[in-house]
Amino acid sequence: MPSSSVFVFIVLCVSFLVNNAASVDYGAALTKSLLFFEGQRSGILPPDQRVKWRGNSGLQDGQDARIDLVGGYYDAGDNLKLGFPMAFTITMLSWSTLEFRDKLQNNNELSNALSAIKWGTDYFLKAHPRPDTLYGEVGDADSDHECWERPEDMTTPRGAYQINDENPGSDLAAETAAALAAASLVFRPVDPKYAARMLVHAMQLFDFAINNEGLYHNSIPPAQKVYSSSGYKDEFLWAAAWLFRATKLTKYLDYMAGSDTGGVRTVFSWDDKYIGVQILAAKLVLEGDAEPSGIWVEYKGNAEQFICSCAQKSSQNVKKTPGGLLWFLPWNNNQYVSTAAFAMSAYSKYLSENQANFMCTGANVGPSDLTSIVRSQVDYILGSNPKNMSYMVGYGTNYPQQIHHRGASIVSINEDNAPVTCKGGYDSWFNKNAPNPNVLDGAVVSPDINDDYQDSRSNFQQAEPTTVTSAPLVGVLAFLA
Ligand SMILES: *[C@@H]1O[C@H](CO)[C@@H](O)[C@H](O)[C@H]1NC(C)=O
């Protein structure tokens with residue numbers, strides 16, 4: 001090679017390395033984020049299960065109530081099946097898939113996204129045997145948390161808890177309605193029969209929620225310790241918004257028009273969906289499906305106020321860590337980063353589809369501004385942060401090794417099928433200062449307010465991954481990929 005070519009070759013190699021070090025592989029992160037849902041599966045695993053260290057589990061779920069409740073997802077690092085966060089998870093996975101279907105398809109992840117949704121919706125259909133009965137929990141936190149066992153050999157009580165016409169649960173029923181309505185939109189082009197079946201259940205659940213008002217955790221007391229609900233008016237609107245999108249029936253639009261918008265919110269979460277409602281209402285305004293006046297302008301303005309505060313362009317901005325991560329709340333902060341990033345991704349898309357922008361305090365904000373905030377947050381999560389740590393397990397080279405997760409922290413049942421006992425799991429695995437034997441790809445954990453992270457299983461506030469964190473990220477990563 002002449003020396004000038006050698007020089008060019010070297011320059012190319014160096015620039016390749018530098019670019020690679022700096023660039024973030026959103027597609028790889030997207031793949032991992034969907035693998036996470038396979039790691040959280042309960043029930044009988046299908047032949048195409050890719051997360052091989054998991055096995056069948058929860059095969060007697062529902063037996064005490066003489067109903068088949070096999071399937072669904074474990075919510076986090078324990079072995080509970082909790083309908084309220086599970087439904088929010090499925091609503092957000094569905095919203096992700098609905099908005100970014102083409103991107104998922106281009107990244108060969110659409111079928112994985114559909115499977116992730118269906119793993120939840122198949123379970124909801126089983127859990128809703130009559131219009132006014134919905135099972136909302138299997139297992140209870142007290143007995144589950146006393147043990148450190150793989151889901152495959154749990155010995156803890158698996159009681160099934162329901163809401164019904166005498167024991168209301170408006171929030172749970174309405175969130176499940178939202179999930180099934182959103183999922184029906186996703187499945188309509190690929191499985192119209194399944195989509196129609198989900199929509200019937202969604203409409204029944206909405207009526208059940210409205211006609212029997214009450215908080216679900218009063219009817220399902222064990223849920224109070226883990227996912228107690230602060231109110232159900234937001235879920236009513238959230239369900240109405242999804243049912244309007246799925247049915248176009250004006251009664252759902254009228255429901256939204258006749259309510260209150262929830263005002264400017266500070267977080268979007270499994271407990272508080274007003275921001276989601278406001279974003280969907282803003283979409284209706286942008287697309288001319290709702291009048292640009294009155295309550296509809298209020299919904300839109302409140303959605304935009306939240307986004308302005310994330311963009312640091314409001315009089316009351318969301319805090320940031322010194323390293324630049326949006327800071328909402330200390331317990332699993334990334335769940336709120338993930339929902340906020342989703343809200344901005346979806347809104348960025350709606351703005352660009354409608355050639356629109358909006359005003360924050362003293363500044364105009366357009367789709368590309370939102371995209372760059374979303375990118376900065378995702379880049380932080382994937383390693384551009386003061387610890388150079390990827391907070392997504394399995395992504396990059398430096399990620400948490402000891403997340404608070406029973407299944408991941410105990411040897412796979414497929415490698416050693418000797419049962420791990422309730423307390424034996426604490427002695428042999430929880431307290432072992434060594435990397436988890438199983439890599440739970442796509443699990444997302446959170447740094448603290450100082451960008452610090454203690455990689456320890458006992459750090460359950462930061463180190464426990466949840467499905468509610470990863471579901472919106474699927475959409476966000478598809479948006480960026
Ligand atoms: C993170 O990476 C940067 C750039 O490579 C380096 O300067 C810094 O010292 C690293 N920080 C830590 C905590 O390893």
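These values consider heavy atoms only, across backbone and side chains, with no hydrogens, waters or symmetry-generated copies. One-based numbering, in listed order, for ligands and for the atoms of each.
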Only one of Asn332, Asn334, Asn333 forms a side chain to side chain donor-acceptor pair (under 3.5 Å) with Thr469, so which one is it? Asn332
Any nitrogen or oxygen of Asn388, side chain or backbone, less than 3.5 Å from one on ligand 1? yes
On the 0 to 90° scale, with breaks at 30° and 60°, tag the Tyr391-Tyr380 ring pair as parallel, tilted or perpendicular. parallel
Taking atom 4 (C) of ligand 1 as the reference point, report whether a protein heavy atom occurs under 4.0 Å from it. no
Point-to-point distance, once rounded to the nearest 0.5 Å, from OG1 of Thr156 to CD of Glu149: 5.5 Å
Nearest 0.5 angstrom please: Leu93 CG to Leu98 CG, how far? 12.0 Å
Atom 7 (O) of ligand 1 protein-contacted, heavy-atom criterion under 4.0 angstrom: no
Quick check on contacts: which atoms of ligand 1 are under 4.0 angstrom from a heavy atom of Pro386? 11 (N), 13 (C)
Could you tell me whether atom 14 (O) of ligand 1 has a protein heavy atom closer than 4.0 Å? yes
Students often mix this up, so state it plainly: with edges at 30° and 60°, are the rings of Trp238 and Phe88 parallel, tilted or perpendicular? tilted
